[in-house]
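First the structure, in the form of structure tokens, and then the observations on it.
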Amino acid sequence: MGNPIPKVLVSGSYDLLHGGHVVFFETAAQYGLLHVCVGTDANILALKGKPTRFTESERLYMVRSIKHVHHAGLSTGTGMLDFEPDLRELRPDVFVVNEDGHTEGKRALCESVGVKYVVLPRVPKPGLPPRSSSGLKKAIAEEARLENQKLDATPPYRICLAGGWMDQPFVSKFAPGSCVVFQIEPDRTFNDRSGMATSTRKLWQRIYAQKLFDTQPLELARLLFGWENPPGTKYVSGSQDAIGLTMPGINRLWYDGDYWPTRIDSCLDEDTIRWLERSLKLVELFERPTGYDPLLDQRMNQENVARLGDAGTRCWEAILARDIRALGKSLTDTHRAWAEILPLTTNAAIDKELDSYSDRSHGRITSGCGGGYIILATEDEIPNGFSVRIRR
């Protein structure tokens, strides 16, 4: 009868299983039948202060799937020597570590129970690049950093939800009122000439290119507003475009006859933001035509401008109360007020499209005068509709 095959034990977390692990198993298995102790989720969390990327069940499944492994199980101990109870029970002939995993505590334990202690150099399989868990974690962290940097360097879009045009002094001089705006993440490319502040956003991209990321949002808004409206500008772009692009969360701007709001109220409450994200659906309509000018017909008076400003105020109050019916009414009332003060902001085709959603929404408006996107306050799924993410 021949000599029994030696038993070999290794241990580790094997969270990011890679080629370096496989060649380690392959080399360790040359000493005998390979047994693997896989660290538990709870012990790794206690040691490293953060959870594993893969659960212990997944990690154990992957290790058992490697042909060089004779048996694998979860370590039954705790701490750095979580494999100790398993080593004492199995009584292997050899315990193997790689040079990165060597500790004097492991060596002392093996010597105390008469187990040969072997330290393997970290050598990649011929023809394959060297791999390590620490190296992979650094690479993943760097990729995440670069991706976040890329996202941060992409300006958001802006939606004016209600009270639009109140940021123009020729409007708010008749009556003060509110305008509600918020940033949205650039998850898609929105059409130009759609009321999404795309022309202001293009200037905003130039500001981003100058690495002005650490400037305070409101200071950036003033810079952007001034850049877009140099002295002598015929049609001054409203400040709600610049503020909407730079201020995070949901913002209520109060205008009273000037280009800049006299008060800005902001909401960064996560539950409220999530509610608004769920409550709005956008549907692509059409771009406003080239050369379109909604200012050719103006019918301002105190009464109809007051209705516009009041719609913006009620929109803000509806958001804070998370009242979708009141939110929808404020959108519809804003659109109607636009038609009163600037009749060219809408037309029969736009009104027909908006009315087609009357039974599927609590209210609706376009993203800008003359076209753009339909914005619906609704709990329903809307064909071809999409949601937006508000930038925090």
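Throughout, numbering of the chain's residues begins at 1 and tracks the sequence.
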Quick check: does any side chain N or O of [X] sit under 3.5 Å from a backbone N or O of [Y], one acting as donor and the other as acceptor?
{"X": "Asp323", "Y": "Arg325", "answer": "yes"}
{"X": "Asp41", "Y": "Thr55", "answer": "no"}
{"X": "Asp86", "Y": "Thr76", "answer": "yes"}
{"X": "Arg59", "Y": "Gly39", "answer": "yes"}
{"X": "Glu56", "Y": "Thr40", "answer": "no"}
{"X": "Ser367", "Y": "Tyr373", "answer": "yes"}
{"X": "His21", "Y": "His18", "answer": "yes"}
{"X": "Ser356", "Y": "Glu353", "answer": "yes"}

Quiz item: Pick one: which of Leu295, Val171, Asp297 meets side-chain contact (heavy atoms from CB on, under 4.5 Å) with Leu342?
Solution: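 Checked Leu295, Val171, Asp297 against Leu342; only one passes side-chain contact (heavy atoms from CB on, under 4.5 Å): Leu295.
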Quiz item: For the side-chain contact (heavy atoms from CB on, under 4.5 Å) test, which of Val118, Val115, Val94 pairs with Cys110?
Solution: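 Answer to the side-chain contact (heavy atoms from CB on, under 4.5 Å) test with Cys110 among Val118, Val115, Val94: Val115.
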Quick check for you: to the nearest 0.5 Å, what is the distance between [X] atom [atom1] and [Y] atom [atom2]?
{"X": "Ser75", "Y": "Leu87", "atom1": "OG", "atom2": "CG", "answer": "10.5 Å"}
{"X": "Leu109", "Y": "Leu81", "atom1": "CG", "atom2": "CG", "answer": "6.0 Å"}
{"X": "Asp258", "Y": "Ser172", "atom1": "CG", "atom2": "OG", "answer": "7.5 Å"}
{"X": "Arg314", "Y": "Asp333", "atom1": "CZ", "atom2": "CG", "answer": "4.5 Å"}
{"X": "Ile375", "Y": "His335", "atom1": "CD1", "atom2": "NE2", "answer": "12.0 Å"}
{"X": "Met80", "Y": "Thr103", "atom1": "CE", "atom2": "OG1", "answer": "6.0 Å"}

If you define the side chain from C-beta out and look only at heavy atoms, does anything of [X] sit under 4.5 Å from [Y]?
{"X": "Trp165", "Y": "Cys369", "value": "yes"}
{"X": "Glu284", "Y": "Asn384", "value": "no"}
{"X": "Pro92", "Y": "Val8", "value": "no"}
{"X": "Arg392", "Y": "Pro248", "value": "no"}
{"X": "Leu331", "Y": "Arg364", "value": "no"}
{"X": "Ile250", "Y": "Ile390", "value": "yes"}
{"X": "Leu280", "Y": "Leu161", "value": "yes"}
{"X": "Arg307", "Y": "Ile341", "value": "no"}

Non-hydrogen atoms of [X] and [Y] that approach each other most closely:
{"X": "Leu245", "Y": "Tyr157", "answer": "CD2-C, 3.7 Å"}
{"X": "His362", "Y": "Glu379", "answer": "NE2-OE1, 2.8 Å"}
{"X": "Ile350", "Y": "Thr345", "answer": "CD1-O, 4.3 Å"}
{"X": "Ser330", "Y": "Cys315", "answer": "OG-CB, 3.2 Å"}
{"X": "Glu303", "Y": "Asn301", "answer": "N-OD1, 3.0 Å"}
{"X": "Trp275", "Y": "Ala318", "answer": "CH2-O, 4.0 Å"}

Quiz item: When the aromatic ring centroids of Phe25 and Tyr14 are compared, is their separation below 6.0 Å?
Solution: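 Centroid distance Phe25-Tyr14: below 6.0 Å, so yes.
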Is there a path from [X] to [Y] through hydrophobic residues (I, L, V, M, F, W, Y) whose side chains come within less than 4.5 Å of each other?
{"X": "Val69", "Y": "Val96", "value": "yes"}
{"X": "Leu9", "Y": "Ile5", "value": "no"}
{"X": "Ile382", "Y": "Leu285", "value": "yes"}
{"X": "Phe24", "Y": "Val119", "value": "no"}
{"X": "Leu17", "Y": "Leu74", "value": "yes"}

Self-check item: CA sep, side-chain torsions, deciding dist, call: Val181, Leu253, side-chain contact (heavy atoms from CB on, under 4.5 Å)
Solution: CA-CA 8 Å; Val181 296; Leu253 318 178; 4.0 Å; yes
Exercise. Apply the test side-chain contact (heavy atoms from CB on, under 4.5 Å) to residues Lys281 and Val283: give CA-CA distance (whole Å), side-chain angles for both, the deciding distance (0.1 Å), then the verdict.
Key: CA-CA 7 Å; Lys281 291 289 187 300; Val283 180; 5.6 Å; no
Within the supplied structure, the quantity of interest is the number of heavy atoms (other residues, nucleotides, ligands) at a distance under 6.0 Å from [X] [atom1]; does it exceed 12?
{"X": "Tyr61", "atom1": "OH", "value": "no"}
{"X": "Glu270", "atom1": "CD", "value": "yes"}
{"X": "Leu268", "atom1": "CG", "value": "yes"}
{"X": "Glu381", "atom1": "CD", "value": "no"}
{"X": "Lys106", "atom1": "NZ", "value": "yes"}
{"X": "Arg91", "atom1": "CZ", "value": "no"}

Does the side chain of [X] come under 3.5 Å of the side chain of [Y] through a donor N or O and an acceptor N or O?
{"X": "Ser239", "Y": "Asp167", "answer": "no"}
{"X": "Thr313", "Y": "Ser178", "answer": "yes"}
{"X": "Asn43", "Y": "Thr78", "answer": "no"}

Exercise. Identify whether the distance between the nearest side-chain nitrogen and carboxylate oxygen of Lys116 and Asp93 falls below 4.0 Å.
Key: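 Result for this pair is no, no salt bridge flagged.
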Quiz item: Relative to the ring of Phe95, is the ring of Tyr117 parallel (under 30°), tilted (30 to 60°) or perpendicular (over 60°)?
Solution: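 The arrangement is parallel - the two ring planes meet at less than 30°.
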Exercise. Please test Cys267 against Phe182 for side-chain contact (heavy atoms from CB on, under 4.5 Å), starting from the C-alpha separation and ending with a verdict.
Key: CA-CA 10 Å; Cys267 175; Phe182 56 85; over 6 Å; no
Self-check item: Evaluation steps, side chain to side chain donor-acceptor pair (under 3.5 Å), between Ser266 and Asn251
Solution: CA-CA 4 Å; Ser266 299; Asn251 296 279; 2.4 Å; yes
Self-check item: Verdict with reasoning, Thr52 to Asp15, per side chain to side chain donor-acceptor pair (under 3.5 Å)
Solution: CA-CA 6 Å; Thr52 57; Asp15 191 18; 4.5 Å; no
Quiz item: When you look at Asp269 and Arg322, which way does the side-chain contact (heavy atoms from CB on, under 4.5 Å) test go after all the steps?
Solution: CA-CA 12 Å; Asp269 176 70; Arg322 302 179 204 168; 3.1 Å; yes
Exercise. Take Glu104 and Arg107 through the salt bridge (Lys or Arg N to Asp or Glu O under 4.0 Å) test and state the conclusion after the steps.
Key: CA-CA 5 Å; Glu104 287 304 317; Arg107 184 193 298 277; 3.6 Å; yes
